[in-house]
Each structure stands twice: as C-alpha cells, then as structure tokens.
Amino acid sequence: MTEELVFYTNPMSRGRIARWMLEETGVPYRTEILTFGGTMKGEDYLSVNPMGKVPAIRHNGTVVTECAAICAYLADTFPENELAPRPQERGSYYRWMFFAAGPLESVVTIRMLGVVTPADKARSVGYGSFGDVMDTLEKAVTETPYIAGDRFTAADVYVGSHVSWGLNFGSIEKRPAFADYLGRVTSREAYKRAAAIDDEALKGMPQAASY
C-alpha cells in the first residue's frame, strides 16, 4: 500500500466494527489505541475527529469517522475484495446499512436509556417504535442470506455488528432469525481475527465499556 492507513480505536467501542471491516479488506493498517476521557479528548486526536470519539481512519489525507461511513469507504476504496455492492445490490445494501445507522441504533439507544416514546408521538421519531424496528430488522435478515443478496458485503459487517452487540447485551429481541443471521456472518475468518485482536488489546484495560 502506497499510503499509510491509520486506525484510531478502543477495543471497548464501536471500533470493533471498523476493525472487522479492516480485516475483511486485508489491507495493512496501523492501529492507535485511545483512552476514554484521556487521549481520545487530547488535542492531537481532536484534530482528527473534533467529536473526540472513535473509531476513525485516516487514509491518503482523508479522515473518515462514523462506522457506516468507514465500512462504505473501505469497500469502495479497495474494490478487489468485492465488499462493495454490485449494481443490482445497491438498493438493499444502502437501505439496510442506513436503517441500522438510523432507526435501529436510535431506538436501541433510547430504550437502553429507559426513555419511552409516547404512542401519539411515534410519527415524530424516525424509528416509529421498538416493535416496528425489530420486525423490520427480521425482514432484512431473512429475505436473503445476506443483507444485499446472496453474498457477504460491507453492509453485513455493519448490520451484523449491531445484531451481535444487541444479542450480547440484550438490547434487541432474541429472535431465531437474528441468531441465524449472526451465525452466518460471524463464521468468517476476518471476524474471528478482528475479535481476537481486540480481545487481546482489552487485557489490562479498565472494564468500563463505552460502545
């Protein structure tokens, strides 16, 4: 690779999504582990991401933050791995990736905080209701073997990560369809490598997760 790819992360964060995507690409990268409330809020990193949050990547002078954007950027930038959508897959690919980035993450976060959306206000929020989102997510993971069709893409990294986190922490319903889909996407060698790298990095770190 002619340009260095730098990955900013913490193994107790959404950086695990980006790590999985990086491992899927097989492209060399350098990792910088940042600490919550420490180097993540330091001047050096704030020049990369003013939000002071991870993950982020820097490649060829370009900084990309937000996990869905990182997954899409890496898929497009390294097309030889065929993780970007083919023309006939684009609709489902973008639909479900951004469904996970929008309604799914929003309703899960609100629910974890104990906030209940009044029934008469459901039309005012992008996710409608928790039940609506769960039913729609089930549709997404059962219509075809993978999110965009019959093959694995970057959208499966992103959606699969949300399903994994939700099942592990009880923030989404334990439906057979979710477990089946998760089994398909996490059987990949890149997922196993990424998890092993982050699990190793976790050793000795404070156990206060901030996903």
Flag, side chain of Thr39 to backbone of Gly42, donor-acceptor distance under 3.5 Å: no
Atom pair CG/CD of Asp180 and Glu138 - distance to nearest 0.5 Å: 10.0 Å
From Arg90 atom CZ to Gln88 atom CD, the distance as rounded to the nearest 0.5 Å: 9.0 Å
Closest non-hydrogen atom pair between Ile17 and Ser161, with its separation: CG1-CB, 3.4 Å
CG-CE distance between Leu104 and Met97, expressed to the nearest 0.5 angstrom: 13.0 Å
Side-chain touch Leu74/Ile57, heavy atoms, less than 4.5 angstrom: yes
Working for side-chain contact (heavy atoms from CB on, under 4.5 Å), residues Ile172 and Leu167: CA-CA 6 Å; Ile172 69 171; Leu167 291 178; 3.9 Å; yes
Whether Tyr29 and Phe7 hold their rings parallel, tilted or perpendicular, with breakpoints at 30° and 60°: perpendicular
Whether Asn49 side chain and Met51 backbone form a donor-acceptor pair below 3.5 Å: yes
Ring geometry between Tyr94 and Phe98 (parallel below 30°, tilted from 30 to 60°, perpendicular above 60°): parallel
Plane angle bin for His59 and Phe78 - parallel if under 30°, tilted between 30 and 60°, otherwise perpendicular: tilted
Nearest-0.5 Å distance, CZ of residue Arg193 to CH2 of residue Trp20: 12.0 Å
Backbone N/O of Glu82 and side chain of Arg151: donor-acceptor pair under 3.5 Å: yes
Spatial distance of atom CH2 (Trp96) from atom NE2 (His162) [nearest 0.5 Å]: 14.0 Å
Minimum-distance pair of heavy atoms, taken over all atoms of Glu89 and Ala148: CG-O, 3.6 Å
Val63-Leu46 co-clustered via ILVMFWY side chain contacts under 4.5 Å: no
Thr117 vs Tyr127, side chain to side chain donor-acceptor pair (under 3.5 Å): CA-CA, chis, key distance, verdict: CA-CA 10 Å; Thr117 304; Tyr127 49 78; 2.9 Å; yes
Side-chain heavy-atom pair Ile197, Glu23 within 4.5 angstrom cut-off: yes
In one Ile/Leu/Val/Met/Phe/Trp/Tyr side-chain cluster, 4.5 Å: Val116, Val125: no
Validation row: Asp156, Tyr181 side chains within 4.5 angstrom (heavy atoms): yes
Side-chain ion pair, Arg175 and Asp135, N-O less than 4.0 Å: yes
Heavy-atom side-chain proximity of Thr31 to Thr9 below 4.5 angstrom: yes
Heavy-atom closest pair, residues Met112 and Trp165: SD-CH2, 3.3 Å
Cationic N near anionic O, under 4.0 Å, Asp199 to Lys192: no
Over 12 non-hydrogen atoms of neighbours within 6.0 angstrom of CZ in Arg30: yes
Heavy-atom check, side chain of Val54 versus side chain of Met40, under 4.5 Å: yes
Closest contact, heavy atoms only, Leu182 versus Ser164: CD1-CB, 3.6 Å
pair Ile70-Pro55: side-chain heavy atoms closer than 4.5 Å: yes
Whether over 12 other heavy atoms sit under 6.0 Å from Lys174 NZ: yes
Side-chain heavy atoms of Pro85 within contact of Thr153, under 4.5 Å: no
Aromatic ring pairing Tyr8/Tyr45, orientation class (parallel under 30°, perpendicular over 60°, tilted between): tilted
Stepwise side-chain contact (heavy atoms from CB on, under 4.5 Å) test for Asn10 and Arg16: CA-CA 8 Å; Asn10 182 290; Arg16 283 181 171 258; over 6 Å; no
Pair Arg58 + Glu32, salt bridge at N-O below 4.0 Å: no
For Ala154 against Cys71, the heavy-atom pair lying closest together: CB-O, 3.8 Å
Check against side-chain contact (heavy atoms from CB on, under 4.5 Å), Tyr191 and Val157: CA-CA 9 Å; Tyr191 172 84; Val157 173; over 6 Å; no
For the student: nearest non-hydrogen atoms of Pro11 and Asp198, plus distance: CB-O, 3.5 Å
Glu105 vs Thr109, side-chain contact (heavy atoms from CB on, under 4.5 Å): CA-CA, chis, key distance, verdict: CA-CA 6 Å; Glu105 180 156 3; Thr109 300; 4.0 Å; yes
Contact check, side chains of Leu137 and Phe178, non-hydrogen atoms, under 4.5 Å: yes
